[in-house]
Every structure is written in C-alpha cells, then in structure tokens.
Protein chains: 2
Amino acid sequence: MADKIMQIKVAIVDDDEGIRSAISALVRRASGLKLTGEFSDAESALKELPKLMPDLVLMDINLPGMKGYECVRQLKGAQPTMQFLMLTVYEDSDSLFNSLRAGASGYLLKRTASARLLEAIRDVHEGGSPMSPQLARRVVQFFSKPSLESASLAKLTPAEREFLNQLANGYPYKEIADRMHISIDTVRSYVRTVYEKLHVHSRTEAVVKFLRG
Amino acid sequence: MADKIMQIKVAIVDDDEGIRSAISALVRRASGLKLTGEFSDAESALKELPKLMPDLVLMDINLPGMKGYECVRQLKGAQPTMQFLMLTVYEDSDSLFNSLRAGASGYLLKRTASARLLEAIRDVHEGGSPMSPQLARRVVQFFSKPSLESASLAKLTPAEREFLNQLANGYPYKEIADRMHISIDTVRSYVRTVYEKLHVHSRTEAVVKFLRG
DNA sequence: TTGGCTACCGCACAAAGATGCTATGGTGAT
DNA sequence: ATCACCATAGCATCTTTGTGCGGTAGCCAA
C-alpha cells in the first residue's frame, strides 16, 4: 500500500468561527492531512459529509440545534468507516458516553495542544482511540465503580462465581450442570448459597447484581 | 499545599529483572518521583505495599503465580487511595477489562516511550487515566458495539419497554401486572412479543440484552 | 367499510426455578 | 483433633415461567 503518500482527509464541524479557522489552518499546514470540508452545524454536515467522504471528522459537541454526538450517530450508521474525533470544552460524563455510544473513536478537550491534536488524528486513523486523561478517567471509573459496591460479589467462592457467570448467560440448570461437570442438584446448591450471599431471591436479581457489580 | 515539593512515591512490581531495573533507573532519575519499592511477584508486593504506602504502583500483569490485576484488586480494596498503572506487553481485552474492574487507573503497553511513561505517572497522580490508544480503542468499542445490537430494543413499544424494565427489576409477573395496572395475562402477552423481538427465550436473556444494549 | 394492526385479556399445561432438609468427603486453621 | 468451610449430591414440593391457542375492542389507512 502507498500509505505513506496517502493523505488523511479531514473535515471539521464546529459552530465557533474562530476555532474552526484555527483548526483548519493547523490541519492545512500539517503534512499528511488534507482538509476536505468545514461546517458550522450538524444539519449541513449530515447532508454534505456522505458526499465528501472524509476519513475523519473533527466534531464539536455543543452545536446549535442537533448535538454533535447525534450527528455522529446518524453518519456512523450510514458510513461505518468514517471516523469521528470529538473535540469539546465539556468534560461531563453524559456528553462523553453519548459520544462513545454514537460511535466516536476519540474524545479530546479543546484545550489540547495543537501538536497533540495532530497526533490524535493520526492515532485515530491508525485504529487508536486518543482520549484526554481526564475523560479516560471517567471511562475507567465506569468499570471500577462497581467493584466497591460488590463487596457481596467478592464473598463468592470461585465455583460460585463461575456458576453465576453461567447463570448470566441464561443457560438452564441442566446445561449449567453439564458445562461445569457437576450434577443438577449441585447447581441447585449453588443457587441457594449464591442467592443468600447476594441477598436475592431470583435468577434475574442475581444476574442484575452480577452484571452491574 | 506544598504540592510542588511533594514527591510522588512510586513502586514497581514486575518479574522481569531487566525491565524492573530499567524502569527503576528511569524513575530514580526523574524529578518529582521517588522510588519506594521493587517487587518481582504479586505475593510479596501484597505483603509489603501496605507498609510502604506508595502513591502509585507500576504493575506488570503477567507475573508468576497471581496475576497483576488480582493483586491490584486486593490492594485496592484495602488501600483505595493507592493508584495503579498497569504496564504490560499484552493488549488482549481480558487483561485490560480485568485490570479496569480491579481498579487500575491506567494501562500502558511496555513499548511506551520513557518520556510518555513519566508523563503517564504524573497524569495518574493528577486524576487522569492515561491509556495507550490501542487499548483505549477496545474500551471505546465496548460502548459503541451495543448500539448496533440495540436496534432490536428500539423496535419495542413504550409499554413493552416499560415491561422489560420491570422484568429487569426482578419482579414476578403478578407484581409487574399490579405495577403496570394490567392483567397478568397481558404481562404474558408482553413476554411473548418482547421475547420474539429480542430473539430470546428466557427472562434472563432478555434482561441481559436490555442491560447491555 | 373492510382489512390489518395494536393493546388488551383468558385458559391450560409443561418446563424451569426456588427452597427446605439432609449428607459425604476434603482442606486448612486453631 | 476439632471446627469451619467448601464442593459435591439427593429428594420433595411449591412457585414462576414459557408458550400454544384462543378472544375483544379500538384505531387508521386503503
């Protein structure tokens, strides 16, 4: 592949004239990047981007009208290969998680240094997901928070934990017994001890506690 | 606060003698960092770290015996303020997610440049979560994947969605009927339509799809 | 107005799950 | 050597679920 001479086609969606021109100048000057479009609102971006087909779109979140991540959701649905790098002043969890769910590949704060931004664009193009450390922390906490809640989960023995995992897969007792090479009555025993330790009285409650932590 | 003159106390847990000495030399030379401990296995780290109380621990994953993230889980439980930065050659999803669940704050590949590592240590100490872009992508995909699956969830009517929500709360049919002011047989009707739309055959499967999608 | 769709309701029955009681062999700590 | 705890197992009984096969009333578009 002639990757080295391929230029990454970049588009920008941001309603702030100043920021847009600053970034477009930055991208224009950078080697290996090619600016192919500038938009000040989600609606026009939604119409034009599928024609321009940039490799990567720098998307602001707080646009007038449609939110940036909603725009990403729709574009991503139609053009799954198009990459999106969110660029925003907001570091609230909702904007972040909505963007990730919409299919954004990275999420940077606008105060990110220019050099870091260019690096991030290349990261995304190479399959990475650059993220400001502050935002990454929120994502990480999303996973680790449960561990505090789950003092009860920690009390489970390895076998019980494995059993719970099978339960969460939806298998009936019989099949869990086969998979774990134990009798169905042993499975029933696990049901008892696990339910008691988790303070639940049904499979659903146990699974929910397990999945949420 | 005299933060500027405070040194970040760093400990290392890695069974590879070469890497350990390389990193310890790097940390020793760096200003603002102070090396307070070196361990070659999880067991000894588990015993000594609570006494040393470093601010941050650089933890290898593939240790002989106990895995690095298991070590983190136990230490984090006892010392929630202690921070952990995973440092590994493995970029598989299991190691990553196990580490995050265990309470790790960051996750870097060992081939990360020295300068970037020092930067990452400071990031963690300041509340960030540095992560190699390759790893960050896996985390990001964790969020975006479901949105495709949940096309089926979108097909549910409001009543069905509410029913599914009740289902996820673990209430038996009878109670769901009361809460929704419908008969138990209508609840059974919803069971049918919802299961069909989600392509599942049990309450547990439905709830899992609902919670993850 | 006829046909199709949705929300609602009913009965019946088989499969799966929840729980009470009991019991054996192993392992590790006191 | 005793105690606690784990993994395993069995049996009985009752409740909850899953599903097949119906039905009525309302609403909307052809």
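Per chain, numbering begins at 1; letters A, B, ... match sequence-line order.
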Interatomic distance, [X] [atom1] vs [N] [atom2] [rounded to whole Å]:
X: A:Ile176; N: C:dA18; atom1: CD1; atom2: P; value: 10 Å
X: A:Met180; N: D:dC6; atom1: CE; atom2: C1'; value: 13 Å
X: A:Glu196; N: C:dC21; atom1: CD; atom2: P; value: 12 Å
X: B:His199; N: D:dG18; atom1: NE2; atom2: P; value: 17 Å
X: A:Leu198; N: C:dT19; atom1: CG; atom2: P; value: 13 Å
X: B:His201; N: D:dT19; atom1: NE2; atom2: C1'; value: 12 Å
X: B:Phe163; N: C:dT6; atom1: CZ; atom2: C1'; value: 17 Å
X: A:His181; N: D:dA7; atom1: NE2; atom2: P; value: 16 Å

Open item on the list: So B:Ile182, base contact, sugar-phosphate only, or nothing? Heavy-atom distance under 4.0 Å.
Closed with: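 If one applies the 4.0 Å heavy-atom cut-off, B:Ile182 turns out to touch the sugar-phosphate alone, with no base involved.
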
Can you tell me if [X] touches the phosphate of [N], counting only side-chain N or O atoms and a distance under 4.0 Å to OP1 or OP2?
X: A:Thr157; N: D:dC5; value: no
X: A:Ser202; N: C:dG17; value: no
X: B:Tyr173; N: D:dG18; value: yes
X: B:Tyr195; N: D:dG18; value: yes

Task: Contact nearer the 5' end of DNA chain D, comparing B:Val200 with A:Pro158 - done: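 First, find each residue's nearest nucleotide; the 5'-ward one identifies A:Pro158.
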
Open item on the list: Is it true that, when you exclude A:Tyr90 itself, more than 12 heavy atoms of the residues, nucleotides or ligands shown sit nearer than 6.0 Å to its OH?
Closed with: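 Result for OH/A:Tyr90: open.
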
- [ ] Identify the residue among A:Asp60, A:Asp14, A:Ile23 that makes a side chain to side chain contact (heavy atoms under 4.5 Å, CB included) with A:Leu87.
- [x]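 Answer after filtering A:Asp60, A:Asp14, A:Ile23: A:Ile23.
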
- [ ] Taking B:Arg138 for its side chain and B:Phe97 for its backbone only, find out whether a donor-acceptor pair lies under 3.5 Å.
- [x]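 Such a contact is absent between B:Arg138 side chain and B:Phe97 backbone.
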
Task: Pairwise side-chain contact, A:Val207 with B:Leu211, heavy-atom cut-off 4.5 Å (strictly under) - done: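 Of all side-chain heavy-atom pairs linking B:Leu211 with A:Val207, none is under 4.5 Å.
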
Open item on the list: Show, in sequence, the C-alpha distance, side-chain angles and deciding distance for B:Ile121 and B:Leu58, and conclude whether the side-chain contact (heavy atoms from CB on, under 4.5 Å) test is met.
Closed with: CA-CA 9 Å; B:Ile121 290 176; B:Leu58 296 174; 4.2 Å; yes

- [ ] Please lay out, stage by stage, how A:Lys67 and A:Asn62 fare under the test side-chain contact (heavy atoms from CB on, under 4.5 Å).
- [x] CA-CA 6 Å; A:Lys67 289 284 178 192; A:Asn62 191 234; 3.1 Å; yes

Task: Listed partners of A:Ser202 passing side-chain contact (heavy atoms from CB on, under 4.5 Å), at least two apart - done: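 Result, side-chain contact (heavy atoms from CB on, under 4.5 Å) vs A:Ser202: A:Thr204, A:Glu205.
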
Task: Interface residues of residues 185-194 of chain A with DNA chain D (non-hydrogen, below 4.0 angstrom) - done: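 Close to the strand are A:Asp185, A:Thr186, A:Ser189, A:Tyr190, A:Arg192.
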
